[in-house]
Amino acid sequence: MPELPEVETIRRYLWAELLGDTCTNVVIRRPDLRWPIDVSAVRRCIGRTVRDIRRRGKYLMVAYDRGHLIVHLGMSGRLGVVRRQDPPGPHDHVEWWFRSGKVLRLRDPRRFGSVFWTENDPCTHPRLAELGPEPFDRRLTGRRLYARSRGRKTSVKAFLMDARVIAGLGNIYTTEALFRAGIRPDRPVGDISQREWSRILRAIRSVLRAAIRAGGTSLRDYTRADGTPGMFQMRLSVYRRAGLPCIRCGTPVQMTRIAGRSTYFCPRCQR
DNA sequence: AGTGCGGCCTGTCCGC
DNA sequence: TGCGGACAGGCCGCAC
């Protein structure tokens with residue numbers, strides 16, 4: 001579900017809510033997520049104080065005095081701050097209780113999410129170590145993407161959704177960025193010029209910035225951590241708009257399938 | 001090595 | 001109203 005803007009929205013909310021608070025208990029109702037939760041490791045949060053909340057790609061990292069909690073929300077995961085007396089639902093798998101009385105609750109119907117604990121640098125965790133640069137990393141340039149894609153045959157959409165190339169992009173924002181850039185999602189990456197890569201990178205950054213400002217995209221599962229929906233779904237240009245007129249030229253938006261994912265584009269604006 | 005696909009899960013929606 | 005099938009913000013591991 002959540003891509004970078006949704007995770008970033010949750011990160012900012014949790015930062016405001018939990019910084020300086022001390023974990024008093026961890027309740028794990030179902031450890032069988034995408035990767036089985038190491039219960040005794042994750043319980044080491046207890047007695048420690050939240051010092052920072054960071055994000056890497058789609059991973060959230062809660063930095064305690066010593067040690068980091070790493071959370072990935074998969075497709076359907078949600079993190080919310082609730083009160084202890086709010087009864088848990090059938091998909092509320094993990095809770096972190098805090099001295100303030102607040103409870104951080106992980107809900108994930110499909111259980112594609114994951115929870116880890118590490119006392120090392122969280123970015124060296126095996127699940128994070130191979131991640132590519134953050135989209136806003138200054139070292140990431142059109143020239144780098146151009147160089148990285150030489151000799152490759154895959155589509156530009158599949159390439160951008162590969163987290164080893166850029167971290168944090170999923171189906172919605174890759175689709176939207178390629179519309180903004182005017183590039184067909186099925187273009188082979190090897191054929192894309194350096195100038196076009198610069199355009200694609202600018203489009204990625206502008207769509208992510210706008211989505212973060214809007215608090216993310218709420219289509220079905222996702223809401224912000226306080227339960228309010230994001231607003232970016234109102235500004236989607238092509239995503240899930242098959243058959244509807246392109247907002248720029250009126251041509252019907254087309255739907256296709258790339259790398260197993262629904263992909264939308266305007267056959268006239270995107271070349 | 002790069003690429004595509006199946007699978008992991010549950011919920012929802014659509015057509016019959 | 002019930003039922004089967006397709007689909008859903010992700011990502012891993014396996015074949016070719």
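Throughout, protein chains are lettered first and strands after them, A, B, ... in sequence-line order, and every chain is numbered starting at 1.
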Looking at C/dG10, I'd like to know if its phosphate oxygens (OP1 or OP2) sit under 4.0 Å from a side-chain N or O belonging to A/R261. yes
Contacts of A/H72 that satisfy ring-ring contact (aromatic ring centres under 6.0 Å, His included) - sequence neighbours left out: A/Y59
Among C/dA8, B/dG7, B/dC9, the one nearest any side-chain atom of A/R34 is B/dG7
With a cut-off of less than 4.0 Å, is there a side-chain N or O of A/H72 near OP1 or OP2 of C/dC11? yes
P spacing across the pair B/dC9 / C/dC3, given as an integer number of angstrom: 24 Å
Phosphate OP1/OP2 of B/dC9 contacted by A/S76 side-chain N/O (<4.0 Å): no
Does a side-chain N or O from A/R127 land closer than 4.0 Å to OP1 or OP2 of C/dC11, or not? no
Under a 4.0 Å heavy-atom cut-off, which of residues 149-164 of chain A touch DNA chain B? A/R152, A/K153, A/T154
Under the 3.5 Å Watson-Crick or G-U criterion, the dot-bracket string of DNA chain C, with | for inter-strand pairs: .|||||||.|||||||
What is the nucleic acid contact for A/G170, judged by heavy atoms within less than 4.0 Å: base, sugar-phosphate only, or nothing? sugar-phosphate
Apply the ring pair (Phe, Tyr, Trp, His ring centres under 6.0 Å) test between A/H125 and each candidate in A/W35, A/W117, A/F116; give the one that qualifies. A/F116
Among residues two or more places apart or on two chains, list those pairs meeting salt bridge (charged side-chain N to carboxylate O under 4.0 Å, His left out) that have a residue in residues 164-176 of chain A. A/D162-A/R164
Taking distance alone, no hydrogens or angles, what donor-acceptor pairs closer than 3.5 Å link side-chain atoms of residues 245-263 of chain A to residues at least two apart or in another chain?
{"from": "A/R257", "atom 1": "NH1", "to": "A/G260", "atom 2": "O", "distance (Å)": "2.7"}
{"from": "A/R257", "atom 1": "NH2", "to": "A/S262", "atom 2": "OG", "distance (Å)": "3.0"}
{"from": "A/T263", "atom 1": "OG1", "to": "A/K157", "atom 2": "NZ", "distance (Å)": "2.8"}
{"from": "A/T263", "atom 1": "OG1", "to": "A/R261", "atom 2": "O", "distance (Å)": "3.0"}

Quick note, ring-ring contact (aromatic ring centres under 6.0 Å, His included) partners involving residues 90-109 of chain A, not counting sequence neighbours, are none
